[in-house]
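A short worksheet on the structure shown next.
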Amino acid sequence: MIEHTSIKSLLKGEVKAPQNVVVKGWVRTIRNSKNVNFIALNDGSTILNIQLVIAAGTDAFVICEQISTGACIRAEGLLVDSQGKNQSVEIQCNNIEVYGHSDPEKYPLQKKGHTLEFLREIAHLRPRTNTFGAIFRIRHNMAFAIHQFFHQKGFFYMHSPIITGSDAEGAGEMFKVTTLSLENPPRTNDGSINYMEDFFGKATNLTVSGQLEAELGALALGNVYTFGPTFRAENSNTPRHLAEFWMIEPEMAFYDINDNMDLAEEMLKYLINFALENCKDDLEFLNQMYDKELIERLKSVTAKTFKRLTYTDAVEILEKNNKEFEFKVSWGTDLQKEHENYLVTHFGGPVILTNYPKQIKAFYMKQNEDGKTVRAMDVLFPWIGEIIGGSQREDNYDKLYARITEMGVDEDELWWYLDTRKFGSCPHSGFGLGFERLMLFVTGMTNIRDVIPFPRTPKNAEF
RNA sequence: UCCUCGAUAGCUCAGCUGGUUAGAGCACAUGACUGUUAAUCAUGGGGUCCCUGGUUCGAGCCCAGGUCGGGGAGCCA
């Protein structure tokens with residue numbers, strides 16, 4: 001049986017003072033004086049610390065000589081109402097056991113502020129800071145909320161493969177997966193690498209999207225979603241890109257593009273509300289330390305109806321301001337970040353754009369009757385830009401096949417995908433949400449490397 | 001990948017026009033202190049000036065190449 005109590009439950013008043021308690025955690029600061037020492041102890045259950053009060057003359061007071069910032073201890077004592085101002089309760093501590101010392105000359109985390117750049121270099125220790133404790137607790141809550149949201153709506157969580165044999169999604173550069181010798185791979189007669197001898201008997205990669213597999217699930221189970229790691233070998237060096245990130249991809253049978261937008265909007269609002277309700281202390285910390293408008297912005301997004309308009313209407317608005325843009329807009333061009341920002345600012349909140357020109361979108365999107373556009377939808381968020389990209393899917397075999405050949409996609413790699421349009425095809429839709437992009441918005445962090453425990457980016461796979 | 005800025009103590013930074021022994025704040029150590037909140041006060045220790053090469057009597061400073069990091073852009077979620 002676990003003998004100690006979480007600091008969260010003590011500070012929430014779930015244990016009535018006075019009462020003997022045991023806590024275990026890591027020392028944030030220790031303040032010494034002649035007659036009394038104070039320790040701020042954190043166990044990760046909450047951003048708040050509990051104060052240990054150690055009077056001179058106790059065994060614990062002597063042990064304090066070994067304790068410094070970062071040490072891990074077990075502390076036992078009487079939980080009492082605090083005499084100090086900054087906490088409701090504290091522990092009059094008479095017994096301390098040191099689990100792990102922390103050499104104060106060498107421990108990198110000081111009891112002062114550190115830059116996020118420095119903390120990235122010590123990603124193995126940064127969960128012990130207030131900031132990253134808050135971020136990772138919020139990250140957990142968002143992951144949990146995603147499952148809860150879909151489960152409540154009757155969706156099934158589907159595990160799409162991490163290793164894929166097709167390079168057909170066209171979603172970006174892929175990481176190769178192989179057990180062949182890099183120094184001396186087997187060759188075919190024409191000198192190319194013989195993947196027949198590779199582990200899977202063919203060339204394989206890490207997935208760039210679980211969407212195509214999710215569609216297979218939707219055409220059997222109705223509504224499904226994937227939520228797993230995704231890999232892009234793009235040489236992207238920005239605060240919004242990772243080589244390994246997590247993506248949520250719902251896929252729904254019998255949803256048209258409007259149902260798709262409704263779901264995307266409902267989901268984003270649900271998740272943000274969940275954070276506001278369940279991550280109050282952590283959000284308040286981030287609001288105070290990093291982004292004074294964070295909580296206000298989160299509330300405003302949940303209250304607002306997302307502005308929906310077509311790509312064509314958006315281009316019309318943008319064209320009026322072409323002189324302000326580095327990249328001029330005209331119908332058929334892909335929208336740049338400056339254009340997305342303009343629209344989000346123009347409408348004062350999230351924007352959903354639909355019906356893009358087919359030539360700038362993927363082969364699987366449902367073609368409109370006009371012959372020019374497809375039923376794509378992008379949800380644009382302040383600063384982040386495209387937080388969700390999705391579409392109604394092309395469910396007509398002939399149209400899908402035509403598009404595949406037009407775009408030079410290898411049909412042999414997609415025979416199974418095409419099969420679903422041969423046998424019991426149906427209208428369906430889906431979208432992809434970048435989990436870390438959601439985290440950026442919810443935490444107010446501005447660099448995606450700070451919302452995932454161990455970021456993978458070009459030239460960085462430490463830890 | 002392109003543009004741009006940067007790298008000096010454990011951290012955050014200053015360092016003049018190229019010139020003697022490279023500084024500050026915080027952190028840390030020691031001491032003081034009757035309840036502190038990133039405590040306070042005093043004293044002290046602490047440097048591969050990112051790397052390689054060059055210019056120079058002399059380089060933290062100038063030049064070239066590289067590495068890593070920040071911001072912007074592209075690719076995208």
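All chains are named by letter (A, B, ...) in the order of the sequence lines, taking the proteins before the strands, and each is independently numbered beginning at 1. No experiment lies behind these values; they were computed from the predicted model shown.
The A/Val53 side chain lies nearest to B/rG35 when the options are B/rC76, B/rG35, B/rU12. Listed candidates were B/rC11, B/rG35, B/rG71. Nearest to the side chain of A/Phe118 is B/rC11. Each of B/rC33, B/rU36, B/rC76 was ranked by its minimum atom distance to the side chain of A/His241; first place goes to B/rC76. The side chain of A/Gln51 sits closest to B/rU36 out of B/rU36, B/rA77, B/rU1. Here the nucleotide nearest the side chain of A/Glu90, chosen from B/rG74, B/rG35, B/rU12, is B/rG35. For A/Arg31, the side-chain atoms get nearest to B/rU36 when compared with the rest of B/rG72, B/rU36, B/rA77. Closest to the side chain of A/Lys34, from the set B/rU34, B/rA73, B/rC75, is B/rU34.
Between A/Arg120 and A/Gly113, the one whose closest nucleotide on RNA chain B sits nearer the 5' end is A/Gly113. Mapping A/Asn460 and A/Pro239 onto RNA chain B by nearest heavy atom places A/Asn460 at the nucleotide closer to the 5' end.
Remark: A/Met158 CE to A/Glu213 CD distance equals 7.5 Å, nearest 0.5 Å.
Only the P atoms considered, B/rU30 is 36 Å distant from B/rU20, to the nearest whole Å. Remark: the separation of the P atoms in B/rG23 and B/rG44 is 15 Å, to the nearest Å. Comparing B/rC49 with B/rC76, their P atoms sit 45 Å apart, to the nearest whole Å. Separation of the P atoms belonging to B/rG6 and B/rU43 is 36 Å when rounded to the nearest angstrom. The same atom, C1', is picked in B/rU17 and in B/rG10; the two are 33 Å apart, to the nearest Å. Rounded to the nearest Å, the gap between the C1' atom of B/rG72 and that of B/rC13 is 24 Å. Comparing B/rA42 with B/rC57, their C1' atoms are spaced 45 Å from each other, to the whole Å. When the C1' atom is used for both B/rA39 and B/rA32, the distance is 14 Å, rounded to whole Å.
Qualifying ring pair (Phe, Tyr, Trp, His ring centres under 6.0 Å) partners for A/His159, counting only residues two or more places apart in sequence or in other chains: A/Tyr157.
Put simply, A/Lys111 has no side-chain N or O that comes within less than 4.0 Å of OP1 or OP2 on B/rA27. In this model, the phosphate group of B/rG74 is not approached by any side-chain N or O of A/Ser236 to a distance below 4.0 Å at OP1 or OP2. Distances shown here put every side-chain N or O of A/Asn86 at or beyond 4.0 Å from the OP1 or OP2 atom of B/rU37. Look at A/Gln336 and you'll find a side-chain N or O under 4.0 angstrom from OP1 or OP2 of B/rG74. Side-chain nitrogen and oxygen atoms of A/Lys106 include none within less than 4.0 Å of the OP1 or OP2 phosphate oxygen of B/rC28. When the side-chain nitrogen and oxygen atoms of A/Thr69 are compared with OP1 and OP2 of B/rA27, none of them lie within a distance under 4.0 Å. Residue A/Asn237 has no polar side-chain atom (N or O) positioned under 4.0 Å from OP1 or OP2 of B/rG74.
Among the protein residues, A/Glu121 comes within range of no part of the nucleic acid, since none of its heavy atoms lies under 4.0 Å from any strand. Among the protein residues, A/Asn49 comes within range of no part of the nucleic acid, since none of its heavy atoms lies under 4.0 Å from any strand. Here A/Glu386 lies in heavy-atom contact (under 4.0 Å) with sugar-phosphate atoms only. Here A/Ile387 lies in heavy-atom contact (under 4.0 Å) with sugar-phosphate atoms only. Within 4.0 Å of A/Ser68, counting heavy atoms only, lies no atom of the nucleic acid at all.
Taking atom CD of A/Glu326 as the reference point, atom P of B/rG74 lies 8 Å away to the nearest angstrom. Taking atom NE2 of A/His339 as the reference point, atom P of B/rC75 lies 11 Å away to the nearest angstrom. Note: CG (A/Asn37) to P (B/rC33) measures 14 Å, nearest angstrom. Across the protein-nucleic acid pair, A/Gln110 atom CD and B/rG25 atom P stand 15 Å apart, rounded to whole Å. Rounded to whole Å, the distance from CD on A/Gln211 to P on B/rC76 is 15 Å. With rounding to whole Å, A/Leu353 atom CG is found 16 Å from B/rA77 atom C1'. Between the P atom of B/rA29 and the OH atom of A/Tyr107 lies a distance of 14 Å, rounded to the nearest Å. Regarding A/Asp103, its CG atom lies at a distance of 11 Å from the C1' atom of B/rA29, rounded to whole Å.
Between the side chain of A/Glu117 and the base of B/rG71 there is no donor-acceptor pair of N/O atoms closer than 3.5 Å. The base of B/rC76 sits with one of its N or O atoms less than 3.5 Å from a complementary donor or acceptor on the side chain of A/Arg437.
Both distances falling under 3.5 Å, in either a Watson-Crick or a G-U wobble arrangement, place B/rC28 opposite B/rG44. Applying the Watson-Crick and G-U wobble criteria (two distances, each under 3.5 Å), B/rC62 pairs with B/rG54. As the counterpart of B/rC2, B/rG72 is assigned, both hydrogen-bonding distances of the Watson-Crick or G-U wobble pattern falling under 3.5 Å.
Under 4.0 Å is where a charged nitrogen must lie from a carboxylate oxygen, and between A/Arg437 and A/Glu386 no such pair does. Salt bridge A/Asp262/A/Arg308: present, at least one basic N to carboxylate O contact under 4.0 Å.
For A/Phe435 and A/Phe227, the distance between ring centers is under 6.0 angstrom.
The shortest distance between side-chain heavy atoms of A/Glu215 and A/His428 falls below 4.5 Å.
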Next on the checklist: What verdict does the side-chain hydrogen bond (donor to acceptor under 3.5 Å, both in side chains) test give for A/Asp378 and A/Tyr356, after you've listed the backbone C-alpha separation in whole Å, the side-chain angles of each residue and the deciding distance to 0.1 Å?
Outcome noted: CA-CA 9 Å; A/Asp378 283 2; A/Tyr356 282 71; 3.3 Å; yes
Checklist entry - Would A/His339 and A/Phe325 satisfy ring pair (Phe, Tyr, Trp, His ring centres under 6.0 Å), going step by step from the backbone distance to the final call? => result CA-CA 8 Å; A/His339 310 134; A/Phe325 299 134; 4.7 Å; yes
